[in-house]
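Notes follow once the structure below has been shown.
None of the values given here were measured: they were computed from a predicted structure.
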Amino acid sequence: MATETQTGEPQTRLRDELSWLSTVFLVLLVGVTGYFLFWATGYTDGHRSTVLVAATLFGVFMAFNIGGNDVANSFGTSVGAGTLTIRQALAVAAIFEVSGAVIAGGAVTDTIRDGIVELGNLDVAPSDFVFIMMSALIAAALWLLFATTRGFPVSTTHSIVGAIVGSSITLGILMSGPEAAFSLVQWTKVGQIVISWVLSPLLGGAVAYLLFWQIKKRILSFNDTMTAKLDQIRQAKIDHNKKHKEAFERLSEIQQLSYTHALTRDMNVAADKDLGPENLETDYYRELQRIEERREQLRPHRALENLVPPIASFGAMVIAAVLLLKGLENLHLGLSLVEDLLIIAMAGIAVWMAVFVVAKLLKSQPLGRATFLLFSWMQVFTAAGFAFSHGSNDIANAIGPFAAILDVLRSGSIEQNVPVPTVAMITFGVALVAGLWFIGKHVIQTVGHNLTTMHPASGFSAELSASAVVLLASIFGLPVSSTHILIGSVLGIGLVNRQTNWKLMRPIAFAWVVTLPAAAILSAIGFVILRQVL
């Protein structure tokens, strides 16, 4: 009974702590949402308060589900590799996702001009435009919730795009008939989304495969070989001690006393760096010295010292480029290409030197632990950079339609560019983190454990590969999805390790294909209902 009580107490404390954190996040989410509604009532001069409340709840719900699916997908590799616990991932997400949303989320959101639907071809009433965006938010959120509870990482961008298409076509049918309605859609952009279903995971998988294959071949496999040789040396020491212990026990008491004094003198010689092996008196220390020389000649940490710093430097330059070209894009910093390149180069050099110093300091650690620690730190930085970029860009999938609604309620007209209030960014950022905490575990389990086994080195490779592909796709204008890229990267890792769960990948791929039409259908239904009720 005593054992059961001792075992049960930590579990009870853990449950209590998790329950307390859940209460904190629930109160925080309700609190910021309530404050936002209070603020927004004044911002919109109390116009259509019922619509405002419904739209706010839909928008926060959408951000909540983005956190549970997209943010969880981003941190799945870090949690699965054991680099971060779910609570640590939550802390990183809270800081970097919300900071990305608030600092670089964009002062304005283009709601129509670059969209997938040309609503300008219709004489859309402001109220109908509001219903289009509201139905898109709730439809995309419901589809994300469905996918998240099943552990399927899907594209939030495709979800909101499909939802806007569905509600817009529905309005077009009601106003002008099916032919005119379907002509509103820019089908070339839909085609780009279809291409991304294949292109994104292929690019992510290919880059991750090549990167991790080299890391495994040149670092991990080398370390395994060195570890085996170190084990042999360790066993040689054990055998050496055993052999000399048996020989010592066969000596007479006078010989043992004399040999003990010699061993004491040799111990001092071995500790004195100014004295060499020629000053040793006993066979015990001479043989021990030869064994130690074999160990020093191995230089077991040399792969970590020589190869990890340039890899970390490359990762730092990729993350810096992603932040400059995507994460901070909306701040319009006005930096020239040369200035961007200099910042990227400085980040790379600084990280190279820092990681080299850390690798040197870890020489006293066992090789496996040193490898784990180095790649863990590197993965934390890639996860943080990816989170900031994600918060600054993908939050638009929730805040974009909602900001459009808010502006219509405020001004009574439809504008192409609308302001995004900071208080809205903060509210939706909190909803992101709450979604990660409450429902993100399903997607984290899929990405971090179920598709393949993760190690900090493989998790770092997946995140860095995904960031690199996102960067290249942005530069060359390729239609890709960051969610699909990261899943492809995880699959690439699995191919290297020959541990890919293709059986699980089939329903995930099916969910990718279904995302756009499913969100469109839900949004069409939601639009009809909202138009009748509100």
Side-chain angles (χ1 to χ4, degrees), residues 18-34 36 55-79 84-102 105 136-160 163 383-384 386-402 424-448 482-483 486 511 515 519 522:
L18 295 179
S19 177
W20 178 80
L21 285 172
S22 297
T23 302
V24 168
F25 277 107
L26 182 60
V27 170
L28 182 62
L29 180 60
V30 172
V32 296
T33 304
F36 174 79
T56 300
L57 294 179
F58 291 174
V60 169
F61 186 48
M62 175 62 175
F64 179 89
N65 284 286
I66 291 175
N69 196 288
D70 221 5
V71 178
N73 177 46
S74 301
F75 283 94
T77 52
S78 299
V79 175
L84 297 173
T85 65
I86 182 62
R87 279 171 285 181
Q88 290 169 337
L90 186 74
V92 174
I95 295 171
F96 288 92
E97 291 276 351
V98 176
S99 296
V102 175
L137 285 172
I138 190 61
L142 289 173
W143 169 250
L144 286 175
L145 180 62
F146 173 83
T148 301
T149 53
R150 282 152 182 78
F152 299 157
V154 297
S155 171
T156 56
T157 301
H158 294 178
S159 299
I160 195 67
F386 202 77
F388 185 90
S389 178
H390 178 271
S392 64
N393 284 277
D394 287 5
I395 189 67
N397 292 323
I399 200 69
F402 179 74
M425 282 290 192
I426 295 174
T427 303
F428 280 49
V430 169
L432 274 178
V433 179
L436 173 64
W437 173 253
F438 284 107
I439 61 175
K441 59 183 179 182
H442 305 289
V443 172
I444 286 176
Q445 182 69 23
T446 296
V447 177
S482 59
T483 298
L486 186 56
T515 290
L522 288 172

>> Just verifying a value: how many Å separate Thr77 OG1 and Leu486 CG, rounded to the nearest 0.5 Å?
In response: 5.5 Å
>> Donor-acceptor pair, distance only, cut-off 3.5 Å: does the side chain of Thr33 make one with the backbone of Val30?
In response: no
> Can you tell if the side chain of Leu142 reaches within under 4.5 Å of the side chain of Phe61, non-hydrogen atoms only?
Replying inline: yes
> Do you know the tightest heavy-atom contact between Ala434 and Leu29?
Replying inline: CB-CD2, 4.2 Å
> With a 4.5 Å heavy-atom cut-off, do Leu144 and Thr156 have their side chains touching?
Replying inline: yes
>> For a quick test of reading the model, state the closest non-hydrogen atom pair linking Ala398 to Gly59 and the distance between them.
In response: CB-O, 4.2 Å
>> For a 4.5 angstrom cut-off between non-hydrogen side-chain atoms, does Phe64 reach Ile439?
In response: yes
> Just wondering, do Trp143 and Asn65 contact through their side chains at under 4.5 Å, heavy atoms?
Replying inline: no
>> Ignoring hydrogens, what is the shortest heavy-atom contact between Val447 and Pro153? Give both atom names and the distance.
In response: CG2-CG, 4.2 Å
>> If I take atom CE from residue Met62 and atom CD1 from residue Ile399, how far apart are they, to the nearest 0.5 angstrom?
In response: 11.5 Å
>> Are Phe75 and Val92 packed together at the side-chain level, in the sense that at least one heavy-atom pair is separated by less than 4.5 angstrom?
In response: yes
> Is the backbone of Ser159 close enough, under 3.5 Å, to the side chain of Thr515 for a donor and an acceptor to pair up by distance?
Replying inline: no
> Using 30° and 60° as the class limits, which term best fits the ring planes of Phe402 and Phe428: parallel, tilted or perpendicular?
Replying inline: tilted
> Can you name the nearest heavy-atom pair linking Leu137 to Asn397, along with the distance?
Replying inline: CD2-O, 4.2 Å
>> Using the rule given for side chain to side chain contact (heavy atoms under 4.5 Å, CB included), can you reason through Leu26 versus Phe438, listing the C-alpha separation, both sets of side-chain angles and the distance that settles it, and then say yes or no?
In response: CA-CA 9 Å; Leu26 182 60; Phe438 284 107; 4.2 Å; yes
> Does the side chain of Val60 come within less than 4.5 Å of Thr56's, by heavy atoms?
Replying inline: yes
>> What I'd like to find out is whether the side chain of Asp70 reaches to under 4.5 Å of the side chain of Thr157, using heavy atoms alone.
In response: no
>> What's the separation between atom CG in Leu436 and atom CD1 in Ile444, rounded to the nearest 0.5 Å?
In response: 5.0 Å
>> Using only atom types and a distance under 3.5 Å, with no angle test, would you say the side chain of Gln445 pairs donor to acceptor with the backbone of His442?
In response: no
> Ignoring hydrogens and geometry, is there a side-chain-to-backbone donor-acceptor pair from Asn69 to Phe152 under 3.5 Å?
Replying inline: yes
>> Taking the side chain as everything from C-beta on, heavy atoms only, tell me whether Thr446 gets closer than 4.5 Å to Arg150.
In response: no
> Which heavy-atom pair separates Val443 from Ala72 by the least distance, and what is that distance?
Replying inline: CB-CB, 4.0 Å
